[in-house]
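These notes are about the structure you will find just below.
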Amino acid sequence: MDVTRSFAFIVPELILFGAIIVVLITGLFTRRNNVLFNLISILSAVSSLTIMIAGGLRSDHVLFNNMLHREGFTEFLMALVDLSVVLTCLMSYRNRDAKHLSEFYALVLSIALGSHLLLMSSNLIMIFLSLELISISSYVLAGYAFNKAGSEGSLKYFLFESIASAIMAYGFTLLYGFTGTMDFTSHEFFDHLVNEGSPLLLIAGLMGLSGFLFKMAAVPMQPWAPDVYEAAPMPVIAFLSVAPKLAGIGILTKFVLTLHFFGQSPFDWQIILAAIAILTITVGNFSALRQRNPKRMMAYSSIAHSGFLLVGVAAFLPQGIQFMLFYAAVYMFMNFSVFAYLMYFEHQNIFSMEEFSGTGKRYVAATTGLTFGLVALTGLPPTAGFTAKLLIFSGLWESYLETHKTLLLWLLIFGLLNTVISLFYYLRIPYFAFIKAPDGPGRQKNPSFENFLGLILVVLVVVIFFIPGLLMGLINRINFVL
């Protein structure tokens, strides 16, 4: 589709772009009106989300001369990104004393816009530009605490991402040299991949994956995550742990399926992806066992969940991709619920796991809600986390039965064992809260909006467990087209 006609099909992205401009211009006249900036951001994200839902998440349009491809799979993940913007704004609505408020919301919306474009990208150049839009905005947000730790975390994020982007760009140049096209969904790209058996092609594909793995905080591109999570404000961590990850897994799915080309590739990308998933799950879970800071624990938890998202893709089955989408949606709700409660406890000056001692008696509702969120991340009933892990493991088992690849069986075993291992760190906070004696009297110092937000998300996670068809029915109607 030509450029002029394509604009009619990117209305959600135009809304986000317009909101960025409005927020920045408004910030020139009022610097401290957090409610106004918050409202503009929420309305833009809700408007974008509403337009996609009104279309039934069933679009199928090739836009801007094959630079972008809008279809149901990408629209579902874009809808989750927009929801994460809304939840981030709700977590930030009380940040009246924060610095540079208009810029904060503009950066959040910029990451959302970059995620939209990345998910729709069908051209290697467009992938790189979209990733840079996400990355540059993320650098600044990572340091939004405006302290030394935040600056160090932001710098580490910048250095690692610069390396990942350079590696990815070089991989893309090699792929262009092999195929003669930047459109990785074109027949010309497929034909050259199938007929090319050079080991250099494998290296090019792996280098191309580095940028996506970085956005997901997956092994081996994960070392930046713990320091960034520890130093950044809680709403920023919650957002960075979801939106870039969903954009990364979406584009990675399309990119790997292209390289695999229905099993006709001379290299087994299913085995490669399974190996990355095993390493990511294992490194994330075992590293989390040693943490005493809840933020760092959630950083390694985020790494482990990137591995579980990769399990759904590694099945290389249509239902595996559907189960991955289910897991992505549930992960967003679970993660935001935990971060909302951790933010609530930060307002009570509780920052380390040991400081949670006795909070089960002093803050009963908040501690109970946080426990449910952590149980959901573990993957235990009665939460949708259990349903999500059950689905992706069932998809992986079906793939193993079809292919009989030993590594897929090992991925299943490692995934199940790591789910058990995660109990030991996810339940550490409830252990201190309900079993350890309180260190002293506690007193609620702030209104409990975060408590209420966390409660809504926890209830939603429980409801999806009992009625998974609410979400799975929507996913089943989504079309996926390369």
Side-chain angles (χ1 to χ4, degrees), residues 88 111 134-135 138-164 210-246 248-249 276-310 331 334-336 338-343 345-346 350-356 370 373-374 377-378 418 421-429 432:
T88 302
I111 293 175
I134 298 172
S135 299
S138 299
Y139 304 152
V140 185
L141 277 183
Y144 234 77
F146 296 104
N147 54 31
K148 182 179 179 181
S151 299
E152 290 177 357
S154 179
L155 179 60
K156 180 172 285 190
Y157 195 174
F158 168 74
L159 293 175
F160 272 97
E161 204 284 333
S162 299
I163 295 171
S210 64
F212 313 143
L213 296 176
F214 179 89
K215 282 290 161 261
M216 295 178 61
V219 173
M221 310 302 294
Q222 88 293 350
W224 60 272
D227 290 334
V228 171
Y229 278 51
E230 185 177 15
M234 200 69 76
V236 172
I237 305 170
F239 186 60
L240 293 181
S241 69
V242 172
K245 189 184 300 291
L246 297 184
I249 190 65
I276 294 173
I278 289 175
L279 291 173
T280 302
I281 294 172
T282 305
V283 169
N285 279 312
F286 277 90
S287 299
L289 289 173
R290 304 168 52 192
Q291 306 308 312
R292 293 293 182 268
N293 183 294
K295 285 184 174 181
R296 291 186 71 88
M297 181 199 75
M298 290 302 294
Y300 288 111
S301 164
S302 176
I303 293 169
H305 282 282
S306 294
F308 286 115
L309 287 169
L310 289 171
Y331 170 74
M334 296 186 299
N335 223 42
F336 267 101
V338 171
F339 278 117
Y341 281 117
L342 289 178
M343 185 175 178
F345 282 109
E346 273 198 353
I350 297 173
F351 299 99
S352 68
M353 291 188 182
E354 289 77 8
E355 291 173 343
F356 277 89
L370 176 58
L374 293 169
L377 286 173
T378 306
N418 274 278
I421 291 170
S422 66
L423 282 169
F424 292 94
Y425 64 86
Y426 280 130
L427 298 186
R428 184 174 290 145
I429 290 178
F432 281 106

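Remember, it's a predicted structure, so these values are computed and weren't measured experimentally. All heavy atoms count here, side chains included; hydrogens, waters and symmetry mates do not.
Proximity of Met298 to Phe339: side-chain heavy atoms (C-beta onward) are separated by under 4.5 Å at one or more points. In this structure the side chain of Thr88 reaches within 4.5 angstrom of the side chain of Phe336, judged on heavy atoms. Thr280 has its side chain out of reach of Phe308: every pair of non-hydrogen atoms, C-beta onward, lies at least 4.5 Å apart. Pro294 is listed as a side-chain neighbour of Phe356, based on a closest heavy-atom distance under 4.5 Å. Taking the side chain as every heavy atom from C-beta outward, Leu213 and Pro220 approach each other to under 4.5 Å.
The two residues Leu240 and Pro244 come nearest to each other via the heavy atoms O-CD, 3.5 Å. When all heavy atoms are compared, the tightest approach of Ala164 to Met221 is CB-CE, 3.4 Å. Heavy atoms only, all atoms of each residue included: Tyr426 and Leu374 are closest at O-CD1, 3.3 Å. Shown here for Leu141 and Ile111, the closest heavy-atom pair between the two residues is CD1-CD1, 3.5 Å. Of all non-hydrogen atoms in Pro226 and Arg296, the two that sit nearest each other are CB-NH2, 3.5 Å. Residue Gly373 comes nearest to Val338 through the heavy atom pair C-CG2, 3.6 Å, listed as atom of the first residue, atom of the second, then distance.
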### Message
Using side-chain contact (heavy atoms from CB on, under 4.5 Å), reason through Glu161 and Ser135 one step at a time and then give a plain yes or no.
### Response
CA-CA 7 Å; Glu161 204 284 333; Ser135 299; 2.8 Å; yes
### Query
Given the rule in the side-chain contact (heavy atoms from CB on, under 4.5 Å) test, do Tyr300 and Leu289 qualify, once you have shown the distances and angles that lead to the verdict?
CA-CA 9 Å; Tyr300 288 111; Leu289 289 173; over 6 Å; no
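If you take CD1 on Ile350 and CG on Leu342, they are separated by 10.5 Å, rounding to the nearest 0.5 Å. Distance CG/Leu423 to CG/Asn285: 10.0 Å, rounded to 0.5 Å. Distance OG/Ser306 to CD1/Ile249: 7.5 Å, rounded to 0.5 Å. Between atom CG of residue Leu310 and atom CZ of residue Phe212 there is a gap of 12.5 Å, rounded to the nearest 0.5 Å. A distance of 8.0 Å separates CG in Asp227 from CD in Glu152, rounded to the nearest 0.5 Å. Annotation: the span from Tyr144 atom OH to Ser154 atom OG amounts to 11.5 Å, rounded to 0.5 Å.
Of the residues Glu354, Met353, Met297, the one that meets the side chain to side chain contact (heavy atoms under 4.5 Å, CB included) test with Arg428 is Met353.
With 3.5 Å as the limit, one finds no donor-acceptor pair spanning the side chains of Tyr425 and Gln291. Asn335 and Ser241 are linked by a side-chain donor-acceptor pair at a separation below 3.5 angstrom, with hydrogens and angles left out of the test. Of the N and O atoms on the side chains of Ser138 and Lys215, not one donor lies less than 3.5 Å from an acceptor on the other residue.
Note on Glu230 versus Lys295: no salt bridge recorded, every NZ/NE/NH1/NH2 to OD/OE distance being 4.0 Å or above.
Aromatic ring orientation, His305 versus Tyr331: tilted (interplanar angle from 30° to 60°).
No donor-acceptor distance shorter than 3.5 angstrom exists from the side chain of Asn418 to the backbone of Ile421, with no hydrogens or angles considered.
More than 12 heavy-atom neighbours from other residues, nucleotides or ligands sit within 6.0 angstrom of CZ on Phe351.
Aromatic rings of Tyr157 and Phe214 (six-membered ring for Trp) have centroids within the 6.0 Å cut-off, being under it.
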